[in-house]
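Everything on this sheet refers to the single structure shown next.
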Protein chains: 2
Amino acid sequence: MLKSKVTISDVAKAAGVSSSAVSYALNDKPGVSAATRDKVLKVADKMGWRPNMAAKSLSNASVQSIGMVMTYDTQVLSVETYTMELIAGLTSELEKEGYSLTIRYASNQQAEMDVLRDWIATGGVDGVLLTNIELGDPRVELFSEHPEMPVLLLCDSSVAGGLTALSDDEQSTAHLLVDYCHELGHQRIARIAGPEELSHTFIRDNAFMEETAELDLQYSCFHTDYSPESGRKCTERLLSLPKPPTAIIYDNDVMAVSAVRTAKKLGISVPDQLSIIAWDDSFLCQVNMPSITALSRDVVARGRACARMLLGMIDGQDVKSTTDAPSELVFRDSSGPLVG
Amino acid sequence: MLKSKVTISDVAKAAGVSSSAVSYALNDKPGVSAATRDKVLKVADKMGWRPNMAAKSLSNASVQSIGMVMTYDTQVLSVETYTMELIAGLTSELEKEGYSLTIRYASNQQAEMDVLRDWIATGGVDGVLLTNIELGDPRVELFSEHPEMPVLLLCDSSVAGGLTALSDDEQSTAHLLVDYCHELGHQRIARIAGPEELSHTFIRDNAFMEETAELDLQYSCFHTDYSPESGRKCTERLLSLPKPPTAIIYDNDVMAVSAVRTAKKLGISVPDQLSIIAWDDSFLCQVNMPSITALSRDVVARGRACARMLLGMIDGQDVKSTTDAPSELVFRDSSGPLVG
DNA sequence: TTGTAAGCGTTATCAC
DNA sequence: GTGATAACGCTTACAA
């Protein structure tokens, strides 16, 4: 129950001033003379005073923390590093302002909504980061109704419902990928995408259809749950077509790696007969044999950007939606022109 | 500044009772009649009352959160999934009690100590999880001086300085590995270990020396920073020895994968001339060609166990240090008897 | 069984 | 420029 607590009034008593003077001094606010301020700061430091967040929150409603709800199932987590990198970037930037990251887990959408509503109702966090936005996502509506809670969405601004978003330039990226395949001479390209409900899958779907249509390429697309298993199934299905695609783009690295195995098993050589490209680079893509051509994004930097945007919003600034620089394509051994 | 707030006194007013009655009812404590309790609960529900954590913390010193400091550099994070799995396990179990996980970032040990001292001084979290314990780690001393703050260490109990620890059974695991190599007929085995400062590296070092000595095997060990780069360098160094080892154990999956590449480059065939084993299984080990024999641990389950232990300690229980079940060795294609 | 009131540590509004 | 004093929402003696 007891903690090594040095309160503002302890400091006030020791410095021989009032608690409000101490508060002003410690928060660098006007209302005290330079002399008392110095004295207070010295005493506070000597006594080892630390602000009590709970008290601070109660009085001015700021908990110095931003919130994030984890919903991924553990299976996916053990395989992908995106969330971890995002967290690393977020926390490293938040730390500069003494903010922390509050993580809660939700096993389903209902549970996540409960957590978010709770945060909104009680001010449990100063701002919220929302990822994996779906089409018609109830979270968008929820935060639209509560403009008092700063929120940043990691999704295309077209699905953010007017809320602030940090987006990927999916259109440019799709253009880059399709162009690359086209230049290599591929006429039939396919994409093994993520879950259809995810808004960024939707955005990519549209972008791909547009880009392939423009170049008059044949394009097919299957949706998966991102798992290597479902990736394998879709790959097999595609490759057993009478006229199979000669280039396949995978919405994550894991499926791309598993696709290389599948192709090998089916006796299809990569990249001579089939080009494989991963959306999202990783160590996996680098060390695979053959190494896998992949889109590289700096997720840690993106996490930092998220933190800065959220801190800005909490600070009352009018933070605008932004689009990240388009991803870079790292050319490796899994893609190339058709041979034979 | 304003939030959709329904306070206890709002509920009290609406239900026509006192605020203390509401508090008792809402917390399921004695002091109110069943009738008023029912009425209060109904009214509170209708009004959408939510507990305000800040106020709760201020009054009873419980913030419903456990803390963890991230120190890993971003490079390592993007490659390993251990921390993410741990977080997933932690948060999923904490959620059951309505607890959240508070993460802060520290770029060095000094910064981490500051965060921890802050948490201790202000009660910023109800408990702390400590990972990557080093020999003579100052954090152990810090928490020894503050028994009021529940803390759980992820390390061998021999280095926990009397604090509660959740350990791996490194001794049994070392035994398992050395035995396995011995049975395959290997006489010279090596280990590419993690950083020497880490206590679990130290524990493993000792265990390996013991086990290999017992079986009269030749054993050498290099220490790395866990990166594929340093793993590669050590592997090259070992393999260029006049009498190189015929089995190498790597302290993580990434280095093992990179070792397979290195061996291939040097014209050494795996597993015929060299067995490679990874300490920590992952998707990487599964899909690598050849697939890599690895020690499998259920990190998510470990995260859950951590949460339960910490919640127990917060609850005032006398939680004892525990040792996890020994890891399981998953036999794959990177290990086998010497051929030729 | 109830209600009243005193804290918890901080910020903010007052008089002085 | 300064120091009381009232919030903030909740818990918990203590009194009724």
Side-chain angles (χ1 to χ4, degrees), chain A residues 1-41 44 47-64 98 118-124 126 148, chain B residues 1-40 43-44 47-64 98 118-124 126 148:
Chain A
M1 209 85 172
L2 288 212
K3 45 201 49 150
S4 41
K5 48 189 165 191
V6 179
T7 76
I8 265 189
S9 45
D10 292 335
V11 176
K13 215 168 293 172
V17 295
S18 76
S19 64
S20 48
V22 176
S23 178
Y24 288 138
L26 292 169
N27 291 307
D28 217 26
K29 286 189 177 168
V32 277
S33 65
T36 44
R37 161 162 298 142
D38 282 356
K39 184 169 54 177
V40 166
L41 288 179
M47 299 179 76
W49 175 86
R50 310 252 184 163
N52 179 313
M53 277 318 164
K56 192 171 233 166
S57 321
L58 187 56
S59 117
N60 74 357
S62 146
V63 293
Q64 304 276 97
D118 188 80
W119 279 344
I120 291 173
T122 66
D126 296 335
E148 75 276 14
Chain B
M1 207 84 174
L2 288 212
K3 46 202 48 151
S4 41
K5 47 187 166 191
V6 180
T7 75
I8 262 189
S9 47
D10 291 335
V11 176
K13 216 169 290 171
V17 295
S18 76
S19 62
S20 54
V22 175
S23 177
Y24 290 138
L26 257 16
N27 291 308
D28 218 26
K29 286 189 177 170
V32 276
S33 67
T36 43
R37 161 162 297 141
D38 283 356
K39 184 170 53 180
V40 166
V43 172
M47 298 179 76
W49 175 86
R50 310 254 185 164
N52 179 315
M53 276 319 164
K56 193 170 234 165
S57 320
L58 189 56
S59 110
N60 71 0
S62 144
V63 292
Q64 304 276 96
D118 188 80
W119 278 344
I120 291 173
T122 66
D126 296 335
E148 76 275 15

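This one's a predicted model, so the numbers in the text were calculated from it and none came from an experiment.
- Among the heavy atoms of the strands lying under 4.0 Å from A:R50 are primed sugar atoms or P, OP1, OP2 only; no base atom is included.
- Residue A:P30 is classed as having no contact, given no heavy-atom separation below 4.0 Å to the nucleic acid.
- Contact annotation: B:T36 reaches the phosphate of C:dT2 (side-chain N/O to OP1 or OP2, under 4.0 Å).
- With rounding to whole Å, B:M47 atom CE is found 14 Å from D:dG9 atom C1'.
- Spacing between atom CG of A:L58 and atom P of D:dT11 amounts to 12 Å, rounded to whole angstrom units.
- In terms of heavy atoms, B:V43 sits closest to B:A14 at CG1-CB, 3.8 Å.
- Pairing each heavy atom of B:S57 with each of A:A54, the nearest pair is CB-CB, 3.5 Å.
- When heavy atoms are screened at a 4.0 angstrom cut-off, B:S23 is found touching base atoms of the nucleic acid.
- The distance between atom CE of B:M53 and atom P of D:dC10, rounded to the nearest whole Å, is 10 Å.
- Rounding to whole angstrom units, NZ of residue A:K39 and P of D:dT2 are separated by 9 Å.
- The side chain of B:S20 sits closest to D:dT12 out of C:dT10, D:dT12, D:dT11.
- Looking at B:V40, B:L26, B:D10 one by one, the single match for side-chain contact (heavy atoms from CB on, under 4.5 Å) with B:W49 turns out to be B:L26.
- Heavy atoms only, all atoms of each residue included: B:V63 and B:G124 are closest at CG2-O, 3.4 Å.
- Residue A:S57 is out of contact with every strand shown, counting any heavy-atom pair closer than 4.0 Å.
- Each of A:A55 and B:A35 was assigned the nucleotide of DNA chain C with the nearest heavy atom; the assignment lying further toward the 5' end belongs to B:A35.
- In this structure, the nucleotide among D:dG3, D:dT11, C:dC8 sitting nearest to the side chain of A:V17 is D:dG3.
- A donor-acceptor contact shorter than 3.5 Å links the side chain of A:R37 to the backbone of A:K29.
- If you take CZ of A:R37 and P of D:dG1, they are 10 Å apart, rounded to a whole angstrom.
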Test log, rule side-chain hydrogen bond (donor to acceptor under 3.5 Å, both in side chains), inputs A:S23 and A:S20 = CA-CA 5 Å; A:S23 178; A:S20 48; over 6 Å; no

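- Taking atom NZ on A:K29 and atom P on D:dT2, their separation rounds to 17 Å, with Å as the unit.
- Distance CG (B:L26) to P (D:dT11): 8 Å, rounded to an integer number of Å.
- Residue B:S18 has a polar side-chain atom (N or O) positioned under 4.0 Å from OP1 or OP2 of C:dG3.
- With distances taken from any side-chain atom of A:K56 to the nucleotides D:dT12, C:dT10, C:dA12, the minimum falls on C:dT10.
- No contact: B:S9 has no heavy atom under 4.0 Å from any strand.
- For the pair B:Y24 and B:A54, both in contact range of DNA chain D, the more 5′-proximal nearest nucleotide belongs to B:A54.
- Considering only side-chain atoms of B:I8, the nucleotide from C:dG3, D:dT11, C:dG9 that sits closest is D:dT11.
- Remark: A:N27 is in phosphate contact with C:dT11, judged by side-chain N or O atoms under 4.0 Å from OP1 or OP2.
- Proximity note for A:S33 (side chain, C-beta onward) versus D:dC10, D:dT5, D:dT2: the nearest is D:dT2.
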